[in-house]
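What follows is a set of notes on a single structure, which appears directly below.
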Amino acid sequence: MTGRLIPREAGIHPPAFTPTYKTSVLRSPQRALISFDSSPSEETGPTFGHVKLGALDNDLLLNYARPGASAIGERIIVHGRLLDENGRPIPGALIEIWQANAGGRYRHKKDGYLAALDPDFGGCGRTITGEDGSYAFRTVKPGAYPWPNGPNEWRPAHIHFSIFGHSFGQRLISQMYFEGDPLIARCPIAQTIPDKAALDRLIAGLDMSETKPMDAIAYRFDIVLRGHRQTLFENRPEGM
Ligand SMILES: O=C(O)c1ccc(O)c(O)c1
């Protein structure tokens with residue numbers, strides 16, 4: 001059964017044109033947006049259940065490391081659940097992450113930051129959500145890094161997330177921040193989000209219950225795919 005894609009809530013998502021985040025200026029549309037009804041190309045999508053992931057794909061501590069080695073940095077577990085706007089789990093969705101290393105440097109040819117590359121850290125991982133929508137990664141806490149948006153601007157520690165839900169229109173790309181980081185309040189990218197509660201939902205909380213004693217600290221990050229569902233649920237009236 002297919003259903004309409006529900007448009008984004010404009011008041012929650014950051015506006016495209018935010019001059020304090022300089023690169024948004026050239027990237028943002030110059031004309032008013034036009035809305036089209038969704039069609040099968042948005043309402044269908046790939047299914048990932050058949051994709052054979054590698055055993056270490058969700059383990060960034062080891063997936064780029066030399067045999068016997070492990071990435072340098074604060075060892076963390078990032079876990080949570082992928083939910084629809086009614087709080088129901090979304091199973092079988094592909095979650096991909098990418099991030100800087102513990103020193104704040106990406107393994108990317110365009111990243112020339114002074115911090116050293118870690119030979120045992122690549123910075124990319126992927127996983128598929130379980131039946132209960134749950135997912136987990138093992139990684140290092142990324143470092144903050146400077147960027148040329150202004151004379152002295154630093155990105156808070158963050159992990160990039162891409163989520164493929166059950167239709168192409170259910171794609172979400174976002175960033176996860178860490179509880180207690182004073183750079184979040186100073187970040188022009190995070191501060192493009194007009195709604196304080198919506199920004200709070202991008203901040204993972206320390207989760208002692210999933211921490212592995214003497215091994216890794218855990219953060220919980222639940223992801224809610226709002227308003228883009230393909231499948232209609234029985235208790236959800238059409239058009240809601
Ligand atoms: O869009 C950008 O310009 C930009 C710059 C630095 C970042 O860390 C980032 O995630 C985006």
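One is the number of the first residue; the rest follow in order along the sequence. Counting starts at 1 for both ligands and their atoms, following the listed order.
- Protein heavy atom at the shortest distance from atom 11 (C) of ligand 1 is I189 CD1, 3.7 Å.
- For atom 3 (O) of ligand 1, the closest non-hydrogen atom on the protein side is T23 OG1, 2.7 Å.
- The protein atom (non-hydrogen) at minimum distance from atom 1 (O) of ligand 1 is Y21 OH, 2.6 Å.
- In terms of protein heavy-atom proximity, atom 6 (C) of ligand 1 is closest to W147 CE3, 3.6 Å.
- Of the residues listed (Y177, F161, F137), the one engaging F221 in a ring-ring contact (aromatic ring centres under 6.0 Å, His included) is F161, and it is the only one.
- One hydrophobic cluster holds both L61 and I97 under the rule that ILVMFWY side chains link at heavy-atom gaps under 4.5 Å.
- For H108 and Y113, the distance between ring centers is not under 6.0 angstrom.
- Clustering ILVMFWY residues whenever any of their side-chain heavy atoms sit less than 4.5 angstrom apart, transitively, puts I184 in the very cluster that holds Y21.
- Between Y106 and Q99, the shortest heavy-atom distance links the atoms CE2-C, 3.4 Å.
- For atom 9 (C) of ligand 1, the closest non-hydrogen atom of the protein is R155 NH1, 3.5 Å.
- Residue contact check: H160 has heavy atoms under 4.0 Å from atoms 10 (O) of ligand 1.
- Not a single heavy atom of N149 sits closer than 4.0 Å to an atom of ligand 1.
- Closest non-hydrogen pair, R66 versus P119, comes out as NH2-CG, 3.7 Å.
- Under the 4.0 Å criterion applied to side-chain N and carboxylate O atoms, D222 and R81 are not assigned as salt-bridge partners.
- Atoms of ligand 1 lying under 4.0 Å from at least one heavy atom of Q175, given by number and element, are 10 (O).
- Between Y106 and ligand 1, no N or O atom pair is found at a separation short of 3.5 Å.
- Distances between N or O atoms of Y145 and those of ligand 1 include at least one value under 3.5 Å.
- No path of Ile, Leu, Val, Met, Phe, Trp and Tyr side chains, each step under 4.5 Å between heavy atoms, connects L183 with F178, placing them in separate hydrophobic clusters.
- Put simply, part of R27 is less than 4.0 Å from ligand 1, judged by heavy atoms.
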